[in-house]
Amino acid sequence: MGAATDRMILLLAVVAGLLFGLARAWYGGRPLRSPDLRTAWLVPIAFLPQWLAFYLPVTRRLVADNLAAASMVSSQALLLVFAWRNRHQPGFWSLGLGLALNLLVITLNGGLMPISPETTTRLFPGISPDTWEVGDRLRWNVVLPDAETRLWWLSDRLLTPAWFPYRHALSIGDVLIAGGAFWLLWALGGDKATNIQEKKGV
Amino acid sequence: MKREIRNLSLILEQLDRRHVRLGLAVLTLALFVLGAGAPMDGGGY
């Protein structure tokens, strides 16, 4: 599994949103605005447990599965508070809904994101399907068949198209998060009046 | 001349502050996205 690229597909949405937002601002002859984010300090604090449990090599080896699961749930719960506090910003309803759906399916399935053996086999076609056993932990995923997964349709089951350079399995929540990040940065390239209209869906 | 330099420094200060705020906001968003999402990567296996 590519440790560095797991969540990079979501960062692509941030980079793409930034580029499109800059282009929009440049086209309109205005600077790219900065969003007025509330309680932004909460985000690094919320991310810290995940960083220790899943990223930092020294600590992630020491963290047991149940502690890793607890860090995932607590971290995402704090991020949900941040999303709620910023719901007035464009794109944050999509970011918050995506996060809430991920948190829901993760919490209902023991604290890690479920992925079916079928999806895992499609994701790693070079590896024998017999390799995957129910309950195997793959970073923040856990291999679970659909029949044993609560709300299986919210799990990682959407595969990126074959032409995409990296093969990823995404959840509906991941797609909403990527869309929300793009939307927010795109909106920063517009003027304030347009953003208010976009936010109201006019 | 003094006034022009002062105006220029004020503009630069504002520009820097705006860039720093934008950079922090993008960094916050990137961290949020990393923490909120849970995709699985098969690319480098």
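As the structure is a prediction and not an experimental result, all values here were calculated from the model.
Taken to the nearest 0.5 Å, the CG atom of A/Asn141 stands 5.0 Å off from the CE atom of B/Met40. In this structure, CG on B/Leu31 lies 11.5 Å from CD1 on A/Ile45, to the nearest 0.5 angstrom. Of the inter-residue distances, the one linking B/Leu34 atom CG with A/Leu11 atom CG reads 4.5 Å to the nearest 0.5 angstrom.
Per-residue counts of heavy-atom pairs under 4.5 Å with chain B were compared for A/Leu184, A/Leu99, A/Ile106; the largest is that of A/Leu99. Note: A/Ala169 leads A/Ala40, A/Pro35, A/Ala169, A/Gly17 in heavy-atom pairs under 4.5 Å with chain B. Chosen from A/Thr160, A/Thr119, A/Asn102, A/Leu80, the residue pairing most often with chain B at heavy-atom distances under 4.5 Å is A/Asn102.
For a residue to count as touching a neighbouring chain, one of its non-hydrogen atoms must lie under 4.5 Å from one of that chain's; by this rule A/Pro44 touches chain B with backbone and side chain alike. Within the 4.5 angstrom heavy-atom criterion, atoms from both the backbone and the side chain of A/Ala181 approach chain B. Contact of A/Phe164 with chain B is not made at all, since no heavy-atom distance falls under 4.5 Å. Heavy atoms closer than 4.5 Å to chain B are found nowhere in A/Leu176, neither backbone nor side chain. Proximity to chain B (any heavy atom under 4.5 Å) is shown, for A/Leu79, by both the backbone and the side chain.
Taking 4.5 Å as the limit, some side-chain heavy atom of A/Leu185 sits within range of a side-chain heavy atom of B/Val26. In this structure, A/Leu95 and B/Leu29 have side chains that are in contact, with non-hydrogen atoms separated by less than 4.5 Å.
Judged by distance alone, with hydrogens and angles left aside, the side-chain atoms of B/Arg21 form no donor-acceptor pair with the main-chain N or O of A/Asp36 at under 3.5 Å.
Minimum interatomic distance between A/Ile9 and B/Pro39 (heavy atoms only, all atoms of both residues): CG2-CG, 4.0 Å. For the residue pair A/Pro31 and B/Arg18, the shortest heavy atom distance occurs at CB-NH1, 3.4 Å.
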